[in-house]
Protein chains: 2
Amino acid sequence: MLRISKLADYGTIVLTAMAREPAWTFSAAELALRTGLPAPSVSKILKILLRQGIVVSLRGANGGYRLARSPAEISTVQILNALDGPLGVTECSASPGLCKREAHCGTRAHWHMINRVVLQALEHITLQQMIDPGRPRLDVLRPAWRAARSAEVSP
Amino acid sequence: MLRISKLADYGTIVLTAMAREPAWTFSAAELALRTGLPAPSVSKILKILLRQGIVVSLRGANGGYRLARSPAEISTVQILNALDGPLGVTECSASPGLCKREAHCGTRAHWHMINRVVLQALEHITLQQMIDPGRPRLDVLRPAWRAARSAEVSP
DNA sequence: GCCATATAGGACCGAAGCGGTCCTCTTTAA
DNA sequence: TTAAAGAGGACCGCTTCGGTCCTATATGGC
């Protein structure tokens, strides 16, 4: 486990396809064709992304979808949040207050720390990075690391 | 999502309880009592951890479970692997070769990078760290960061 | 030698989540 | 007016997971 859902996985594939031509308006059918994903699923994903403000739509003939922002302004954490709901390594990371054990749970703080690191990492990986050619570099996570550290000092 | 299973969550709670007295042999019932978790679940978890070599058992009267190694030698990644199976942020991170899209999937390399960071982080957070008093420090993840970076240079 | 205690292993079940499909309604360009 | 395309939701089947229980086996104490 510790896995994202299939929907979120598909979502990033669809969005990276769109990010390669940010100005273009894609129909759901065309995106399904380009990505090789099942058309109904692609359609479903786009509708969710629309409601979350990640894509915009044009209805009617010759309609379709476009990215709502530039690829550099769409991070993976936004995509996962949209398609998988609030993400947290443990339940108490995602929705604090739900677990009764919280008060005297020794592991909680550590899961929160791990969660913060993961979140910051996802925050700094954008669609732009995803479509940049060449091997991905861990260096893009440096700001994430710094952000997580400063969050630690002043919570 | 991007969440660990409840079983794995419970597992870390049980193991941290054991880690506070590493020499002691706990019966499953006693651990259930100490942690406040349902006894059948605790028993099930311990049986899995036994098969994975994380705890050792003593059968018969006055029997019970003990950590197989020192708390400093048991990392969270071992616990999650034991209780949740091989972990990967995406399916292709956990079991490469299963996804047909791999060859021409532009997002895969990035998920692998994220996965590597998460894995290394979990690798460096041990039961010892979990029971150390005081707020957890991100500094414990420094070696994880370095390890992930060196893995990038020589895959 | 017997019995109480504890683990070992697996079977079993109910609930929930999720992936996937389909249908109907609305909008808009030609 | 019609065809194309999105909007929204209903629906269903499968899988997975959490949880429980039962039986067999081992061992220490009497």
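Chain letters run A, B, ... following the sequence lines, proteins first and then strands; every chain starts at 1.
- Remark: P of dT7(C) and CG of Leu31(B) are 9 Å apart, rounded to the nearest angstrom.
- Summarising the geometry of Ile54(B) relative to Ile74(B), their closest heavy-atom pair is O-CD1, 4.0 Å, with the distance given to 0.1 Å.
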Listed pairs under 3.5 Å, donor-acceptor, residues 121-130 of chain B side chains, sequence neighbours left out:
residue, atom, partner, partner atom, Å
His124(B), ND1, Gln120(B), O, 2.9
Thr126(B), OG1, Gln128(B), N, 3.3
Thr126(B), OG1, Gln129(B), N, 3.3
Gln128(B), NE2, Asp132(B), OD1, 3.4
Gln129(B), OE1, Thr126(B), N, 3.1

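- The interatomic distance linking Ile48(B) (CD1) with dT7(C) (C1') rounds to 15 Å, in whole Å.
- Using a 4.0 Å heavy-atom cutoff across all strands shown, Ser5(B) reaches sugar-phosphate atoms only and no base atom.
- When heavy atoms are screened at a 4.0 angstrom cut-off, Ala28(B) is found touching the sugar-phosphate backbone but no base atom.
- Per the geometry, NZ belonging to Lys6(A) stands 7 Å off C1' belonging to dG19(C), to the nearest Å.
- Under 4.0 Å is where a charged nitrogen must lie from a carboxylate oxygen, and between Arg34(B) and Glu21(B) at least one such pair does.
- For Lys47(A) and dG8(D), a side-chain-to-base donor-acceptor distance below 3.5 Å is present, hydrogens and geometry of angles not being considered.
- Among the protein residues, Leu46(A) comes within range of no part of the nucleic acid, since none of its heavy atoms lies under 4.0 Å from any strand.
- A donor-acceptor contact under 3.5 Å links the side chain of Arg59(A) to the base of dT26(C).
- Both Asn62(A) and Ile4(A) lie close to DNA chain C; mapped to their nearest nucleotides by heavy-atom distance, the more 5′-ward contact belongs to Ile4(A).
- Listed here is the closest heavy atom pair of Ala82(A) and Ile48(A): O-CG2, 3.6 Å.
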